[in-house]
2 protein chains.
Amino acid sequence: MLKLEPNIKKNLRATGRRMTRTRQAVLSLLQKTRQPVSATEIFERLHQEKVAIDLVTVYRTVHVLKELGLVLQLDLHQEGLSRYELKEGRKHHHHIRCQICGQIEDLLLCPLKKVTKLIEQQTQFIVDDHTLEFTGLCPQCQ
Amino acid sequence: MLKLEPNIKKNLRATGRRMTRTRQAVLSLLQKTRQPVSATEIFERLHQEKVAIDLVTVYRTVHVLKELGLVLQLDLHQEGLSRYELKEGRKHHHHIRCQICGQIEDLLLCPLKKVTKLIEQQTQFIVDDHTLEFTGLCPQCQ
DNA sequence: TGGTATTTGCAATGGACTTGCAATAAGAAG
DNA sequence: CTTCTTATTGCAAGTCCATTGCAAATACCA
C-alpha cells in the first residue's frame, strides 16, 4: 500500500472528497512510475493490472490530484498531450526528452533563480512559475 | 508590401512551391503582429481585413513556413494550442505570459548555454533544442 | 446498517488540428 | 496574352485529446 495514503485521504476529506478505489489505483500507479505518464498511459497500465477504470475517471482523478497539489501536469513541447507526475516529496526539476524514442529523463538542476529576478526587473511582471524542457537524442538513439 | 517577399518566394520556388495570395496575407499578418499568434487568431484577423482564407489553409500555410524555417511554432504551457511567430531576422528568445490576460512578452535573454553543456555531460544526451517560458502577472493585472 | 452526497461509467460534445478530393489559380512555356 | 501543368485552396469529414451531463454505483458518517 501507499505510505502517502493516510495523508492524502485527509487532504481529500478536508475538501469534501473521498478516497476511492480508483483514486488509490491511480496514485499507486503514479508512485511506481518513473517517467511522467499521460492519461491514456495510466488507463492502459491499470487495465493491464486488471483494474477497471474509465478514461474519463483518469482525467478527473489527475485533475483532482493536481488541485490538491499532489500532482504536476506537464505539457511537453509538441507532444499534444499532458503528462502527470507525483509531486509528493520531489524537488523542483525539469526534463529532457528524446526526439526519437520519446524517453523522458529528469534533470535535477534548475538554473533560473537569478534569471527570474532579472526578468521581474526587466518586465515588471511578477513571475510565479516557469517551464523548461530540453529535447535531443538519448544515448541509445544517437 | 513585404521586404522579405522576394527571398521568401525564392525559398518557396526552390522547393517546388508557389507564392500565393493567401501565403502573402499570412506572412504580412505575421510581420505586423508583435505577439505570437494562433491559427485561429490569424484566421480571424485576416477576415477582419476582408481577406478570404480558410482555417485549414492557415494551418497548412504556417506548416509550410515552419518547414522553410521562416516561422517558429510555440506551445505555451497549458494553452492547448500552438502559436506562431516570424523567425526572420529575430534573435533566439523566450517568452513570459500573463496568467490573467494572456499577454505574451518577449524575453531577449537566454541563460542556457552553459547549462546545456552540463546536461549533455550528465545525461549523455545530445541536446538540440530547449523551450523556456515564464508565467506570472503582468503589470496591469497585478 | 442505512442515508446521502460524492464519484463513476457511458454517451455525447468540444476544440485543435489533419486529411481526401474536386475546383481553383500560380507561373512557366509558347 | 493564352495555354497547360501542377501546386494550392476550400469544403466536408475525420482524428485525437479532453470535458460535460446524467443516471447508477459507492464511500463513509451517523
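Quick caveat, the model's predicted, so the values are computed rather than measured. Chain identifiers are assigned alphabetically (A, B, ...) following the order of the sequence lines, protein sequences preceding nucleic acid strands; residue numbering begins at 1 within each chain.
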**Message:** Before you tell me yes or no, could you show the steps for A/Asp75 and B/His77 under side-chain contact (heavy atoms from CB on, under 4.5 Å), namely the whole-Å CA-CA distance, both residues' side-chain angles and the distance that decides it to 0.1 Å?
**Reply:** CA-CA 6 Å; A/Asp75 300 284; B/His77 189 53; 3.3 Å; yes
**Salt-bridge present (B/Glu41, B/Arg83; N to O < 4.0 Å)** =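 Salt bridge flag = yes for B/Arg83 with B/Glu41.
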**Prompt:** Should B/Arg34 and B/Glu85 count as an ion pair when the cut-off is N to O under 4.0 Å?
**Reply:**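 Salt bridge absent between B/Arg34 and B/Glu85.
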**Request:** Strictly below 4.0 Å, heavy-atom distances to any atom of DNA chain D: list the hits from residues 39-53 of chain A, or just say none.
**Result:**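 Output list: empty, so none.
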**Message:** Both A/Asp54 and B/Asp75 contact DNA chain C. Taking the nearest nucleotide for each, which residue is further toward the 5' end?
**Reply:**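 By nearest-heavy-atom nucleotide position, the 5'-most residue is A/Asp54.
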**Item:** Closest-nucleotide 5' rank along DNA chain C - winner of A/Leu12 and B/Arg83
**Value:**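 Counting from the 5' end, the first nearest nucleotide belongs to A/Leu12.
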**Request:** With axes from five pairs an end, tell me the bend angle of the helix from C/dT1-D/dA30 to C/dG30-D/dC1, nearest 10°.
**Result:**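 One end axis against the other gives 30°.
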**Item:** Members sharing A/Leu112's hydrophobic cluster (side chains within less than 4.5 Å)
**Value:**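 Its cluster mates, by chain and number, are A/Ile96, A/Leu107, A/Leu109, A/Val115, A/Leu118, A/Ile119, A/Phe125, A/Val127, A/Leu132, A/Phe134, B/Ile96, B/Leu107, B/Leu109, B/Leu112, B/Val115, B/Leu118, B/Ile119, B/Phe125, B/Val127, B/Leu132, B/Phe134.
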As an exercise, state the distance from [atom1] of [X] to [atom2] of [Y], rounded to the nearest 0.5 Å.
X	Y	atom1	atom2	result
B/Leu29	B/Ile42	CG	CD1	6.5 Å
A/Glu88	A/Leu30	CD	CG	11.5 Å
A/Ile8	A/Leu65	CD1	CG	7.0 Å
B/Cys138	B/Gln99	SG	CD	10.5 Å
B/Arg90	B/Leu108	CZ	CG	7.5 Å

**Message:** If I take atom CZ in residue A/Arg23 and atom P in nucleotide C/dG9, what distance separates them, rounded to the nearest angstrom?
**Reply:**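 That distance rounds to 11 Å.
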**Prompt:** How about A/His94 and A/His130: does a side-chain donor come under 3.5 Å of a side-chain acceptor?
**Reply:**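 A donor-acceptor contact under 3.5 Å links the two side chains.
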**Message:** Classify B/Ser82 by what it touches in the nucleic acid, base, sugar-phosphate, or nothing, heavy-atom distance under 4.0 Å.
**Reply:**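 If one applies the 4.0 Å heavy-atom cut-off, B/Ser82 turns out to touch the sugar-phosphate alone, with no base involved.
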**Message:** Working note: A/Tyr59 + A/His63, criterion ring pair (Phe, Tyr, Trp, His ring centres under 6.0 Å); need CA distance, chi angles, decisive distance, verdict.
**Reply:** CA-CA 6 Å; A/Tyr59 278 108; A/His63 186 254; over 10 Å; no
**Request:** Might you work through the side-chain contact (heavy atoms from CB on, under 4.5 Å) test for B/Gln35 and B/Gln103, ending with a clear yes or no?
**Result:** CA-CA 8 Å; B/Gln35 294 190 12; B/Gln103 182 205 151; 3.5 Å; yes
**Request:** Considering only heavy atoms of chain B and a distance under 4.0 Å, specify the first and last nucleotide of DNA chain D in 5' to 3' order that meet this criterion.
**Result:**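 First and last nucleotides in contact are D/dT6 to D/dA12.
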**Message:** Apply side-chain contact (heavy atoms from CB on, under 4.5 Å) to residues A/Asp54 and A/Val58 and explain how you reach the verdict.
**Reply:** CA-CA 7 Å; A/Asp54 195 272; A/Val58 174; over 6 Å; no
**Message:** Taking CZ in B/Arg21 as the centre, count heavy atoms belonging to other residues, nucleotides or ligands within less than 6.0 Å. Is the count above 12?
**Reply:**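 Result for CZ/B/Arg21: open.
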Quick one: which protein N/O atoms are closer than 3.5 Å to N/O atoms of nucleotides 25-30 of chain C? Pair and distance per line, please.
| residue | atom | partner | partner atom | Å |
| --- | --- | --- | --- | --- |
| C/dA26 | O3' | B/Met19 | O | 3.4 |
| C/dA26 | N3 | B/Arg18 | NH1 | 2.8 |
| C/dG27 | OP1 | B/Met19 | N | 2.8 |
| C/dG27 | OP1 | B/Met19 | O | 3.3 |
| C/dA28 | OP1 | B/Arg13 | NE | 3.2 |
| C/dA28 | OP1 | B/Arg13 | NH2 | 3.2 |

**CA sep, side-chain torsions, deciding dist, call: A/Val37, A/Arg45, side-chain contact (heavy atoms from CB on, under 4.5 Å)** = CA-CA 10 Å; A/Val37 281; A/Arg45 293 194 198 175; 3.8 Å; yes
Every protein N/O lying under 3.5 Å from an N/O of nucleotides 18-23 of chain C:
| residue | atom | partner | partner atom | Å |
| --- | --- | --- | --- | --- |
| C/dG20 | O6 | B/Arg60 | NH1 | 3.4 |

